[in-house]
Each structure stands twice: as structure tokens, then as C-alpha cells.
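Read through the structure below, which is laid out as C-alpha cells, and then see the notes.
Keep in mind that this is a model prediction, so the values were computed, not measured.
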Amino acid sequence: LFMTEKLKHQKMVDMIALGMSVVLCLFHMFSASYGTWTSYVLAAVHWGFIGSYIVLRKPTKLKYIGPVYDAVIIMLTIYTCYHQVAMQGRLGTQAGLYTTEDIIVAVIAVLLVLEVGRRAVGKILPLIGVAFLLYCYFGNMVPGLMKTTRFTVNRIAIFIYTSSDGIFGQTLYVSAKYIFLFILFGSILELTGAGAFFVDLAFAFVGKARGGPAQAAVYSSMLMGTINGSGAANVVTTGTFTIPLMKKIGIRPSTAGAIEAVASSGGQIMPPVMGAVAFLMAEMTGIDYAKIALAALVPAILYYMTLSLSVYLIARRDNIAAGNPEDIKKPREVLKEGWLFIVPLLVLVALIISGMSVQLSAFYSIIVTLIVGFIKNRRNMTVGNILGACENSVKSIAPVAAACILAGIIMGSMSLTGFGLKISSLIEMISGGNLLFALLLSMAASLLLGMGLPTSAAYMVLAVLVAPVLLNLGVSKMAAHLFLLYFGAISTITPPVALSVFAASGISGAGVWETGWDALKLAPTGFIIPFIFAFDNSLLLMGNPGMIVIAVVTAVIGCMILSVAVSGWLVHNLNVGTRLLLLVAGVCMIISNPLWINAAGLALAVIVILTVLRANQKNTKTEGVC
């Protein structure tokens with residue numbers, strides 16, 4: 001009887017969650033096409049549904065009172081969202097006049113965000129939020145530069161509840177305005193069978209190479225990752241298929257997991273969509289989307305080129321055979337069968353470049369995707385599956401939206417206390433105005449603050465906290481924000497909280513730390529290139545055309561040298577000393593200015609490679625004599 005009641009309860013929860021998901025998807029589709037909501041209305045409705053969904057799907061483990069406790073949280077979440085809309089409408093004519101009810105609701109709203117956010121993204125970000133709230137209250141007791149004026153609980157709660165930098169402010173608004181639409185786009189695109197098409201297409205082009213499944217993992221994850229707002233989610237989507245295939249051909253489990261994790265995380269920096277962060281960056285910087293996508297193109301290509309070549313050399317090193325040509329379709333055949341799956345992406349990019357708003361472009365792209373699905377995979381495009389895709393979208397956006405609203409607590413606290421300016425001054429003071437040292441500190445802050453966060457949320461926090469430092473030291477706005485985006489994305493593969501690595505190791509069966517170490521070795525360009533374009537914008541296709549060409553050519557050569565150093569193989573296994581020399585040579589080649597550093601790097605690489613080839617030739621002759 002107890003089990004029957006439990007099943008009935010779960011079925012009811014499933015129906016409610018599905019219904020909420022469908023309504024939210026319809027609301028956002030309407031908002032993208034015809035809706036004219038203000039920012040706080042869009043953000044409040046967005047969180048009202050998603051916060052309730054999180055509580056439904058992640059109920060408390062308290063015995064007896066658990067369901068009642070969750071029901072109260074859902075009702076209070078909905079009410080705080082409703083009150084936000086009603087209050088903002090009232091404040092239009094009564095600015096600054098807050099009632100006792102406003103203050104109580106504001107306090108409850110902040111506490112609810114911490115609790116619901118904890119259920120969605122874990123303890124790290126809520127604890128950071130609590131730390132910032134404590135700083136707001138006790139900051140007046142802190143000595144020196146970090147001291148603040150005294151703020152009451154009422155003042156703190158109201159500011160974070162109502163401010164454009166608070167919980168219903170810019171960060172959550174971006175999730176509601178942009179990110180959800182692209183997650184919905186990705187969910188429906190996957191429903192149509194496009195995910196399998198991307199994997200087949202990658203296999204068709206690179207499957208015949210050494211380590212074909214690994215190469216397919218690299219490129220299919222790149223294609224899916226650019227429309228997916230989470231590296232970890234991308235690992236689960238494509239890695240379920242590619243990791244077992246990599247293990248089957250003889251690639252070590254930790255290496256297979258690392259390849260998938262690095263490839264999936266890189267999708268966040270690959271145009272055109274960049275996991276929706278490109279639109280977020282355009283919103284926060286005022287730079288045109290097309291310029292951001294163009295600037296990010298070369299660094300992203302270098303990232304994947306290095307990974308792909310490293311995978312090939314690892315396959316040679318471990319004597320992994322090439323794929324059987326008879327088992328692999330020809331690219332022409334795959335494209336002939338599934339070229340329609342590319343149409344939604346082309347429509348999306350074309351509409352955005354033509355000047356149409358991002359939301360409307362996403363709306364039409366989703367409609368086109370549904371049409372493609374009915375043409376290519378009609379059997380799968382049932383009402384139930386489409387509704388399921390809607391819930392998958394809400395399930396995917398839930399941790400992103402939770403991270404965004406928690407980031408609102410952090411950003412609101414920084415705005416109230418001036419912490420962002422203070423930390424910028426502190427980094428600048430510690431670095432002594434030295435740009436390289438400041439970049440290293442910014443990298444450390446980015447990796448630390450990005451732990452456990454979706455890339456979009458990590459970038460938003462970093463853009464407010466760290467970007468001003470880099471701008472003050474002369475880094476261009478484009479380079480500064482792309483620098484932070486890179487390390488926000490890479491934080492998903494860096495210990496101790498590496499979500500993409502956790503997901504990949506769970507599929508591969510390898511140890512987390514072993515997989516994480518292999519991932520770090522496979523992503524050298526992700527750590528090096530941001531430093532290069534921070535000093536010189538040539539790799540961002542900005543500046544003198546001649547210098548841009550030279551920078552791109554030398555960077556390509558440098559990345560090839562880096563791949564040899566990473567894999568540790570060039571006609572035979574390389575010792576540590578040789579690999580370190582090649583690593584230095586590769587970095588020197590990627591540095592775009594001055595040219596004498598490129599010349600030195602090229603000379604060093606040529607000397608080392610010739611020495612390796614000569615030694616191999618001697619060994620071959622000796623073996624032949626024997």
C-alpha cells in the first residue's frame with residue numbers, strides 16, 4: 001500500500017513537472033516572438049517556474065515533514081516572484097518607498113534562492129553567496145582597503161531583491177532572455193536525430209584516421225558543444241556514445257574520458273553560438289555579436305586543432321589502428337542523408353548576422369528545427385517526445401538559472417559594497433601594474449570562481465569582478481572578456497571541482513584525478529592562447545592585416561609543436577627533456593609579437609626535431625645491422 005501511494009505521488013509530481021515545463025517553453029517562445037515584457041517580469045516568471053521545478057525534482061530528504069516543507073518553499077518562491085512584479089510596477093510611481101511587507105518578502109526571497117540554488121548546483125556557490133552577504137553586514141568591521149560602510153539587513157535584502165544587479169537583475173534576465181531559448185533549440189535539435197548525424201559526420205571525415213572514434217569525439221562534441229550551455233551536459237550527450245568506442249579500440253579509459261571532457265568544454269568557446277555565452281557577452285560589453293563570434297574563431301580553431309593532432313599522435317604512440325574504411329560511411333553519403341540537420345544552424349547564424357534580434361532568430365530556428373524533425377524523423381516527433389524535449393530543456397536550464405540567480409546575490413553584494421572595484425584595486429596593487437602577473441591572478445580567480453558553475457554563470461561573475469582590472473591595465477575589452485570566458489570554460493576540467501571530468505570519468509570508469517590530469521595535458525592552448533591575445537589582439541583578427549596573417553600562421557605551427565610535446569611522440573616516444581624543449585618552442589611560436597621570439601621558437605623546434613629524427617635513423621640502422 002505504501003509503495004502504491006508512493007508511485008501515485010511520483011506520477012503526480014511527474015505530471016506537474018511536465019506541465020510546468022511545457023507552459024514555460026510556450027511562455028518563452030511567445031516572449032521571443034510577440035511578448036513585450038519588462039526585464040523583471042521575464043526574470044520573475046522564469047524563476048517562478050524553474051525554482052518550483054527544482055524543488056519538485058530535488059525534494060528534501062526530511063522525513064514526515066518533507067512534502068510539506070517543499071510545498072511551502074514552492075508557494076513562497078512563486079509569491080516572491082509575483083511580489084517582485086507587483087512591487088516593481090508600484091515603484092515606477094513611488095520610487096524608494098518600501099513597505100514592511102517588501103522587506104520581509106525580500107529577506108525570504110534571498111533565503112529561498114540560497115536553498116533552492118543549493119539543491120540545483122550544490123553547496124559551493126550558495127556558500128560563496130553567504131560569504132558575500134556576511135561581508136555586506138560585517139564589512140564595516142574589516143580593516144584597510146576592504147572596509148565598507150554599515151549596512152542593515154533591511155538595506156541588504158531590499159537592494160539584492162530589487163536592484164538590476166540583484167537576484168532578479170541582469171544575470172537571471174540573460175538566462176531568461178537568451179540561454180533558455182538556445183537550450184530549447186538544442187533539445188529539439190537532438191530530438192530530431194541531429195546528434196547522431198553530427199557523430200556520423202565526424203566519423204565520416206576523421207574515422208579512417210588513427211584513433212578514429214577519438215577524432216569523432218573531438219569534432220562531434222565541438223558541434224554539439226557550441227549549442228549546449230554546459231560542458232558537463234555535452235559530455236553526457238555525446239560521451240555516452242564516443243567514450244565506449246574509444247575504449248573499444250584500445251584508448252585508456254582515463255584518456256578517453258579526458259578527450260571527451262576537453263572537447264565538450266571547448267564548445268563554449270567555439271562560434272557561432274558559443275554555448276549562448278556570445279550573446280551574454282554582447283549584452284554585458286555592448287560589442288556586436290558578429291564581432292565577438294569572429295574574434296573567437298581563430299583561438300577556438302587552434303584549440304581543436306591542437307586537441308585533434310594530440311589525439312592522432314597519442315594513437316600513433318599507443319599503436320592504435322586506424323578505422324576500417326569499410327565500416328565508415330563516406331562524407332558525401334552522410335551529408336546526402338542528413339544535410340537538412342545543418343539547416344537550423346545556418347538559419348540561426350544567417351538571421352543573427354542579418355540584424356534580427358537574437359531571441360527572434362532563436363524562435364524561428366526552433367520552428368525550422370521542428371519542421372526538419374517532421375521531415376527527417378517523423379516517427380520520433382510524437383507529442384510525447386516533443387513534450388519530453390520541453391522538460392529536458394527545463395532540466396538543463398535549472399542549474400544554469402540557479403547559478404545565475406545565485407550570481408545575482410554575489411553581484412548585488414559587490415555593487416552594494418563596491419567590492420568589485422576593491423578587488424580590482426587589490427589585484428592591481430598586488431601585481432604592481434605588471435600585466436602578466438595580473439593575468440595570472442585573474443586566471444587563478446577565474447578557475448576558482450568558475451568551479452562547479454556553468455560557463456555562462458562563471459563568465460558573468462568574472463566579467464564584473466575581474467574584467468575592470470584587465471581593462472585598467474590596457475587590455476582591450478574584447479580580449480579581456482574572452483580571456484575570462486576561456487578560463488571560465490576551462491574551469492570545468494580543472495581540479496578540484498571539474499564537472500566535465502566528473503561526468504566523463506563516470507562514463508569511462510576511470511579515476512577522476514587520473515582523468516583530470518590527462519585532460520589538463522590535452523588542453524594546453526586553452527591555458528596559453530588567452531595570455532597571447534591579451535597582449536596582442538592579432539589572433540582575435542584585430543589590428544594590422546599583415547601582422548594578423550603572421551600571427552595566425554605562426555600560431556598554427558606552434559600548436560602543432562605543442563601537440564607533439566603533449567603526446568610525447570614523434571616517430572618514437574620522446575623523453576621529458578625533449579618534450580619540455582618542444583613545449584617552449586611551441587609557446588614561442590604562438591606568441592605573436594615580437595617576431596624574433598617566433599624565429600627563436602622555430603629554430604629551437606627545428607633543432608630538436610632534427611635531433612629526434614637523426615637519433616631515430618641511427619637506431620633504425622643499428623637494428624637493421626643486428
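- Of all the heavy atoms in S476 and N537, the pair that sits closest is OG-OD1, 3.0 Å.
- Put simply, the side chain of D165 never gets that close to the backbone of G408: no donor and acceptor are under 3.5 Å apart.
- Side-chain atoms of Q170 and S164 include no donor-acceptor pair closer than 3.5 Å.
- Distance check: L406 CG to M411 CE gives 13.0 Å after rounding to the nearest 0.5 Å.
- No side-chain donor from either of T515 and S254 sits under 3.5 Å from a side-chain acceptor of the other.
- Of the options F185, W37, F180, F363, a ring pair (Phe, Tyr, Trp, His ring centres under 6.0 Å) to H28 is made by F180 and by none of the others.
- Side-chain contact between S413 and Y135 is absent, with no heavy atoms from C-beta onward closer than 4.5 Å.
- The shortest side-chain heavy-atom distance between V347 and L351 falls under the 4.5 Å cut-off.
- Aromatic pair F419/F132: centroids less than 6.0 angstrom apart.
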Could you give me the CA-CA distance, side-chain angles and deciding distance for E260 and S221, then say whether side-chain hydrogen bond (donor to acceptor under 3.5 Å, both in side chains) is met? CA-CA 7 Å; E260 181 59 47; S221 297; 2.6 Å; yes
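- Taking the side chain as every heavy atom from C-beta outward, I410 and M414 approach each other to under 4.5 Å.
- The heavy-atom pair separating S220 from A202 by the smallest distance is N-CB, 3.9 Å.
- For the pair T242/P213, no side-chain contact is recorded, criterion being any heavy-atom separation below 4.5 Å from C-beta on.
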Chi angles and distances behind the side-chain contact (heavy atoms from CB on, under 4.5 Å) call for S33, L360: CA-CA 6 Å; S33 53; L360 198 55; 4.2 Å; yes
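- Between R579 and A565, the shortest heavy-atom contact is NE-O, 2.9 Å.
- Summarising the geometry, atom CG belonging to L473 is positioned 5.5 Å from atom OG belonging to S431; distances are rounded to the nearest 0.5 Å.
- When only modelled atom types and interatomic distance are considered, Y219 and S308 share a side-chain donor-acceptor pair under 3.5 Å.
- For the atom pair I292 CD1 and K477 NZ, the distance stands at 10.0 Å (nearest 0.5 Å).
- A salt bridge between D288 and K291 is absent, with no side-chain N of the basic residue lying under 4.0 Å from a carboxylate O of the acidic one.
- I366 has its side chain within reach of M29: a pair of non-hydrogen atoms, C-beta onward, lies under 4.5 Å apart.
- Checked against a 6.0 Å centroid threshold, the rings of F483 and F487 count as neighbours.
- Between V475 and L471 there is no side-chain heavy-atom pair separated by less than 4.5 Å.
- By the 4.5 Å heavy-atom criterion applied to side chains, T554 and I590 are not counted as neighbours.
- For the 3.5 Å distance criterion, the side chains of T306 and S563 fail to qualify, holding no donor opposite an acceptor.
- Ring pair F197/F341 is tilted by interplanar angle, where 30° to 60° counts as tilted.
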Would T492 and S265 satisfy side-chain hydrogen bond (donor to acceptor under 3.5 Å, both in side chains), going step by step from the backbone distance to the final call? CA-CA 7 Å; T492 67; S265 298; 2.7 Å; yes
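- Interatomic distance, CG of L184 versus CD1 of I397, reported as 10.0 Å (0.5 Å rounding).
- Across all their heavy atoms, S500 and V235 have their closest contact at O-CG2, 3.9 Å.
- In this structure, the side chain of Y178 does not engage the main chain of Q359 through any donor-acceptor pair within 3.5 Å.
- Under the 3.5 Å distance criterion, with hydrogens and angles disregarded, a donor-acceptor pair is assigned to the side chains of H481 and Y459.
- No hydrogens or angles considered: nothing links the side chains of N392 and S187 as a donor-acceptor pair under 3.5 Å.
- Taken from CD1 in I597 to CG in L602, the straight-line distance is 13.5 Å, to the nearest 0.5 Å.
- Within the 4.5 Å cutoff, the side chain of P299 has no heavy atoms near those of the I269 side chain.
- Contact record, A504 with G257: CB-O, 3.2 Å, taken as the closest heavy-atom pair.
- Y303 has its ring centre no less than 6.0 Å from the ring centre of F527.
- Between the CG atom of L172 and the CD1 atom of I405 there is a distance of 5.0 Å, given to the nearest 0.5 Å.
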Stepwise, does the side-chain contact (heavy atoms from CB on, under 4.5 Å) test hold for M560 with M305? CA-CA 8 Å; M560 293 170 69; M305 188 195 79; 4.0 Å; yes
Stepwise, does the side-chain contact (heavy atoms from CB on, under 4.5 Å) test hold for F531 with M443? CA-CA 9 Å; F531 285 90; M443 177 189 75; 3.8 Å; yes
Report the C-alpha distance between L345 and V349 in whole Å, list the side-chain angles of each, state the deciding distance to 0.1 Å, and finish with yes or no for side-chain contact (heavy atoms from CB on, under 4.5 Å). CA-CA 6 Å; L345 290 172; V349 175; 5.6 Å; no
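- Considering every non-hydrogen atom in both L462 and L484, the closest pair reads O-CD1, 3.4 Å.
- Residue M542 places its CE atom among more than 12 non-hydrogen atoms of other residues, nucleotides or ligands, all under 6.0 Å distant.
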